[in-house]
Amino acid sequence: MIVDLRRVVAAAVVKAVAEVTSETIDIPSVEDPPRPEFGDLAIPVALELGRSLGRPPRQLAEELIEWLEANPVAGVSRWQIAGPGYLNAFFDRGWVFDQILGTLDSVSDEQRLPASVDTKQIVEHTSINPNKAAHIGHLRNACLGDTLARVVRSQGIDVEVQNYIDDTGVQVADVVLGFTEIRGLDAEAVAALPDPFDYACWDLYTEVTELLENNEVLQARRREVLLSLERQSGPEAELGAIIADRITRCHIATMERLGIRYDLLVREGDVVGLELWATALERLSTSDRVYFADGGKHDGCWMMRLEGLPGFEDLEEPNKVLVRSNGAATYVAKDIAYHMWKYGLLDDVFAYESYAEILDTHVAYRSARPGSANARSMPGRFGGARSGFNVIDVRQSYLQQIVGVALTALSRDSEIEVSHTHFSYEMVALTPRTAETLGIPVAKDDQCKAYIEMSGRRGYGVKADDLLDVLEKRGATEVAKRNPALDAAEVEELGRQIAVGALRYFLVKFSRNKVIAFDLEEALSFEGETGPYLQYAAVRAHSIFAKLEERWGKSEEEVVGEARSMLVAGRLGSELVGEEASELWNLIVQLMRLEYVIEQTVTNLEISTLAKHAFGLAQAFNHFYHRYPILKEENETKRALRILLAYVFRVHFSEVLSLLGIPVPERM
RNA sequence: GCGCCCUUAGCUCAAUUGGAUAGAGCGUCUGGCUACGGACCAGGAGGCUGGGGGUUCGAGUCCUCCAGGGCGCGCCA
């Protein structure tokens, strides 16, 4: 990663403040100036401090600058006071560019912090009910989660990606009913059904839902099935397991199309079957938060006390049932048990089996019962983290809060500090016109609405695989149009990469707490602020070197090497002045922001920050590309400088795209 | 009833967490190179940041009231 002088500058300012005013301050805010003539970084510290010290900001700023000039900072060439009292820092361009060139040698084997259990973080995402095909809403979850995992991992932290499979819930029970009551199929027959199995279940699920309405007999059957699933005995449980397994494999395959992978799939059935919950309750019952209701409305239930806690004020029902009077644990209770294991508050009782092996490079494991075929215990391998993120939509905030309350109570008692963060995001809906093209009935009242909610139960939604198919086809068409000589296989592969870029960028470019009104036409667009625009910038950077090789017969390495030796370190500063240099410099300054952007992305849990940054980089490069040709340039020094800049961009921009999971095509 | 979220250009969204002249994309209008590929670039028009009050050197951002919209509060998951 390119060195960010932000921290260095901030530290220098802290020291300057201490020396000049004998005040100790926290890390001051360091901003990017709105205009280039204000320098490369702006620190409004004198504005803030001036007030508390009762001194004119500009005067204070002058004293600070005096000190800073007397105690130079490597990389900063000069300071300036501007506006009401900003400290503006101007970088030593030659020094910076020299540093950046240094990163080119080590960028591939960047120094990563050693991974250890102490720093392990668990990112849970996807966690789709295994009863039907994944839709666009699930993709938002998976893309956010996968990108978060990539970003955290890039910080040298060992990330374990988990996907929770709720295979014992009503949603699966409904599809079990569908197969038995509507289709008249048993487990064996269902196992033999052709693909796409998840599509078949999508339709079946809506059929059952309709049938279940006002049908008390069927509703009673569902309760039986549910019990059977939870006990994991009987033909319904066998059928449920087949459904959950087949659907999960479909989901894994869908996500693999987007480059999204998992380390571990934990099945709720195993949490229940291995009595993780029973142990969890034992532990929980010692806490004053958990009690057994004897009499009253919740007679015979185990309850969690929420009243009086922040965030739970004035609820109609202040407490939450954990175990029903019939002895069955609720969903949130099982989730609490799962999270206790996740964070090492319960022993690892699971066995693990290799579930999905992908291209010999990655294995996704799945929880299993000890003693079952192909399963073995793997002590210390999974779970037992001290912190983690749950990527779950905002509607589950209430339940996530309850999990948090349990974890807090337990970690206090056991003196183990656990950090559990709900990475919440808003839902994906459909624009009315997209809903209509999909054949979803839109009521007259809803036509002017900004969006129409999706409904898995009714089958209203955009299936992930359908969308990917359309995008891939469109990508391939566009590639073929521009590259008539390419063979079909390559066109198809490029179409695939473009589809992934388009979809992934689309799903992370919005702030997470904004409802996305999914519009098919907009998502199919490859122009403007889209994934393909970013990919196009990378392709252009690449094609410069391809052309250079074609014309000069020199490899990228040789070309870059020659350019570097032409611009000796000492001379760089003098080359980096003037109008052209200032425009090139803009690109460098933006590249330097990456470290800061990643920091912001993680602390705010806002992936869109990184996405917007990537878009800004692509824009800056396209500007440079258009304005400053390389092959045509005859001045060798200028050409060398541009070559190096294009190369630096290419290397670092590829890194940014890979953080976003966006493939970098060689041509488009 | 209580809680959380949203409201910024015609549309979809940003705005470095309180900083300098509120920026992008789409759409619209005007212009661009025999090419390192036009999935691009340059420029124009387009804003009382939903409304009122407050906090301060400084507010799209914070506090408060109001309006409109969404979500959540189950012995469902």
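Here is the naming used below: chain letters follow the sequence lines, and residue numbers restart at 1 for every chain.
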Q: If the P atom of C57(B) is compared with that of G1(B), how far apart are they to the nearest Å?
A: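 Roughly 39 Å separates the two P atoms.
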
Q: Taking OP1 and OP2 of C71(B), is either one under 4.0 Å from a side-chain nitrogen or oxygen of Y425(A)?
A: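 For C71(B), neither OP1 nor OP2 has a side-chain N or O of Y425(A) closer than 4.0 Å.
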
Q: Distance between the P atoms of C66(B) and C71(B), in whole angstroms?
A: 22 Å

Q: Between E236(A) and R221(A), is there a salt bridge with N-O shorter than 4.0 Å?
A: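 So R221(A) pairs with E236(A) through a salt bridge.
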
Q: Phosphate oxygens OP1/OP2 of A77(B): is one of them under 4.0 Å from a side-chain N or O of Y331(A)?
A: no

Q: Which nucleotide sits closest to the side chain of E478(A): C36(B), A39(B), A20(B)?
A: A39(B)

Q: With a cut-off of less than 4.0 Å, is there a side-chain N or O of Q619(A) near OP1 or OP2 of G25(B)?
A: yes

Q: OP1 or OP2 of C41(B) sitting under 4.0 Å from any side-chain N/O of R627(A)?
A: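 No, outside the criterion.
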
Q: Give the nucleotide from the list G37(B), U7(B), C75(B) with an atom nearest to the side chain of T330(A).
A: C75(B)

Q: Kindly point out which of G70(B), U12(B), U17(B) is positioned nearest to the side chain of E522(A)?
A: U12(B)

Q: Given that both distances must come in under 3.5 Å, which nucleotide forms a Watson-Crick or G-U wobble pair with U17(B)?
A: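 Its partner is none (no Watson-Crick or G-U wobble pair with both distances under 3.5 Å).
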
Q: With both distances under 3.5 angstrom, what nucleotide forms a Watson-Crick or G-U wobble pair with A42(B)?
A: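 The base-pairing partner of A42(B), which may sit in any strand shown, is U30(B).
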
Q: Counting heavy atoms from C-beta on, name the nucleotide in G32(B), U17(B), C73(B) closest to the side chain of H626(A).
A: G32(B)

Q: When you measure from the side chain of N513(A), which nucleotide among C5(B), C71(B), G72(B) comes out closest?
A: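 Nearest nucleotide to the side chain: C5(B).
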
Q: So N319(A), base contact, sugar-phosphate only, or nothing? Heavy-atom distance under 4.0 Å.
A: nothing

Q: Is any side-chain heavy atom of D167(A) less than 4.5 Å from a side-chain heavy atom of T248(A)?
A: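 The answer is no, as the side chains (C-beta and beyond) never meet within the 4.5 Å cut-off.
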
Q: Taking U49(B) as the reference, what is the distance to G60(B) when you measure between their P atoms (whole Å, please)?
A: 8 Å

Q: Looking across every strand, which nucleic acid part, if any, lies under 4.0 Å from L322(A) by heavy atom: base, sugar-phosphate, or nothing?
A: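 Since no nucleic acid heavy atom lies under 4.0 Å of L322(A), the category is nothing.
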
Q: Taking Q535(A) for its side chain and P663(A) for its backbone only, find out whether a donor-acceptor pair lies under 3.5 Å.
A: yes

Q: Measuring from the side chain of P629(A) (C-beta onward, heavy atoms only), which nucleotide among C36(B), A39(B), C6(B) has the closest atom?
A: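 The listed nucleotide nearest to P629(A)'s side chain is C36(B).
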
Q: If you check every side-chain atom of N483(A), which of G72(B), A39(B), G37(B) has the closest atom?
A: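 Comparing G72(B), A39(B), G37(B) against the side chain of N483(A), the answer is G37(B).
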
Q: Across all strands, who's sitting opposite C73(B) as a Watson-Crick or G-U wobble pair, both distances under 3.5 Å?
A: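 Paired with G1(B).
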
Q: With sugar-phosphate meaning primed atoms plus P, OP1 and OP2, does R482(A) contact a base, only sugar-phosphate, or nothing at under 4.0 Å between heavy atoms?
A: base

Q: Please report the distance separating the P of A35(B) from the corresponding atom of G44(B), rounded so that it comes out in whole Å.
A: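 Nearest-Å result for A35(B) against G44(B) at atom P: 26 Å.
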
Q: Where each residue is assigned the nucleotide of RNA chain B containing its nearest heavy atom, which of L47(A) and I630(A) is assigned the position nearer the 5′ end?
A: L47(A)

Q: From the set C75(B), C40(B), U12(B), return the single nucleotide nearest to any side-chain atom of F510(A).
A: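 Between C75(B), C40(B), U12(B), the one nearest the side chain of F510(A) would be U12(B).
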
Q: Reckon R324(A) has a side-chain N or O less than 4.0 Å from the OP1 or OP2 of A77(B)?
A: yes

Q: In whole angstrom, what separates E521(A)'s CD from U12(B)'s P?
A: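 It works out to 15 Å between those atoms.
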
Q: State whether R551(A) places a side-chain N or O below 4.0 Å from either non-bridging phosphate oxygen (OP1 or OP2) of C36(B).
A: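 Answer yes for this pair, as a side-chain N or O of R551(A) is under 4.0 Å from OP1 or OP2.
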
Q: How would you label the contact of V394(A) with the nucleic acid (heavy atoms, under 4.0 Å): base, sugar-phosphate, or nothing?
A: nothing

Q: Under 30°, 30 to 60°, or over 60°: which ring-plane class applies to Y647(A) and F545(A), parallel, tilted or perpendicular?
A: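 Y647(A) and F545(A): perpendicular rings.
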
Q: Side chain of H298(A) only, heavy atoms from C-beta on: which candidate in A77(B), C75(B), C40(B) is closest?
A: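 Shortest atom-to-atom distance from the side chain points to C75(B).
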
Q: Within the structure, does a side-chain N or O atom of K612(A) lie under 4.0 Å from either OP1 or OP2 of G25(B)?
A: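 Looking at the OP1 and OP2 atoms of G25(B), neither is under 4.0 Å from any side-chain N or O of K612(A).
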
Q: Which part of the nucleic acid, if any, lies within reach of Y628(A) when heavy atoms closer than 4.0 Å are counted: base, sugar-phosphate only, or nothing?
A: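 Y628(A): base contact, heavy atoms under 4.0 Å.
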
Q: Quantified in whole Å, what is the P atom distance between nucleotide G47(B) and nucleotide C6(B)?
A: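 Here G47(B) and C6(B) have their P atoms 25 Å from each other.
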
Q: Check the geometry between F38(A) and A20(B) and answer yes if their rings are stacked (centres below 5.5 Å, planes below 30°), otherwise no.
A: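 Check passed, F38(A) stacks on base of A20(B).
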
Q: When rounded to the nearest Å, what value does the distance between P atoms of A39(B) and G51(B) take?
A: 41 Å

Q: Which value, in whole Å, describes the distance between the P atoms of nucleotides U12(B) and G70(B)?
A: 15 Å

Q: Would you indicate which nucleotide in C41(B), C36(B), G25(B) comes nearest to any side-chain atom of Y625(A)?
A: C36(B)

Q: Which is true for V45(A) with a 4.0 Å heavy-atom rule: it touches a base, it touches only sugar-phosphate, or it touches nothing?
A: nothing

Q: Which word best sums up how the rings of F506(A) and F510(A) line up, parallel for under 30°, tilted for 30 to 60°, or perpendicular for over 60°?
A: perpendicular

Q: Start at the 5' end of RNA chain B and walk down; is the nucleotide closest to K547(A) or to R512(A) reached first?
A: R512(A)

Q: Side chain to side chain contact (heavy atoms under 4.5 Å, CB included) with R474(A): which residues, sequence neighbours excluded?
A: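 E478(A), L524(A), F526(A).
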
Q: With both distances under 3.5 Å as the test, what is the Watson-Crick or G-U wobble partner of U61(B)?
A: none

Q: Using a 4.0 Å heavy-atom cut-off across all strands, classify E453(A) as base, sugar-phosphate, or nothing.
A: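 Counting heavy atoms under 4.0 Å across all strands, the contact made by E453(A) is with sugar-phosphate only.
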
Q: Starting from the C-alpha separation in whole Å, work towards a yes-or-no answer on side chain to side chain donor-acceptor pair (under 3.5 Å) for H623(A) and E583(A).
A: CA-CA 9 Å; H623(A) 173 84; E583(A) 294 205 40; 2.6 Å; yes

Q: Within 45° of the axis and under 6.0 Å from the centre of the six-membered ring of F621(A), does NZ or CZ of R540(A) qualify?
A: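 Pair R540(A)/F621(A) does not count as cation-pi.
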
Q: If you measure from the P atom in C65(B) to the same atom in G72(B), how many Å do you get, rounded?
A: 25 Å

Q: So, is S543(A) close to the G37(B) phosphate, meaning a side-chain N or O under 4.0 Å from OP1 or OP2?
A: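 Yes, because at least one side-chain N or O of S543(A) sits under 4.0 Å from OP1 or OP2 of G37(B).
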
Q: Using the side-chain hydrogen bond (donor to acceptor under 3.5 Å, both in side chains) rule, pick out the option among R231(A), E268(A), E230(A) that qualifies with T168(A).
A: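 Of R231(A), E268(A), E230(A), side-chain hydrogen bond (donor to acceptor under 3.5 Å, both in side chains) with T168(A) is met by E268(A) alone.
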
Q: Can you find an N or O donor on one side and an acceptor on the other, under 3.5 Å apart, linking the side chain of S325(A) with the base of C75(B)?
A: yes

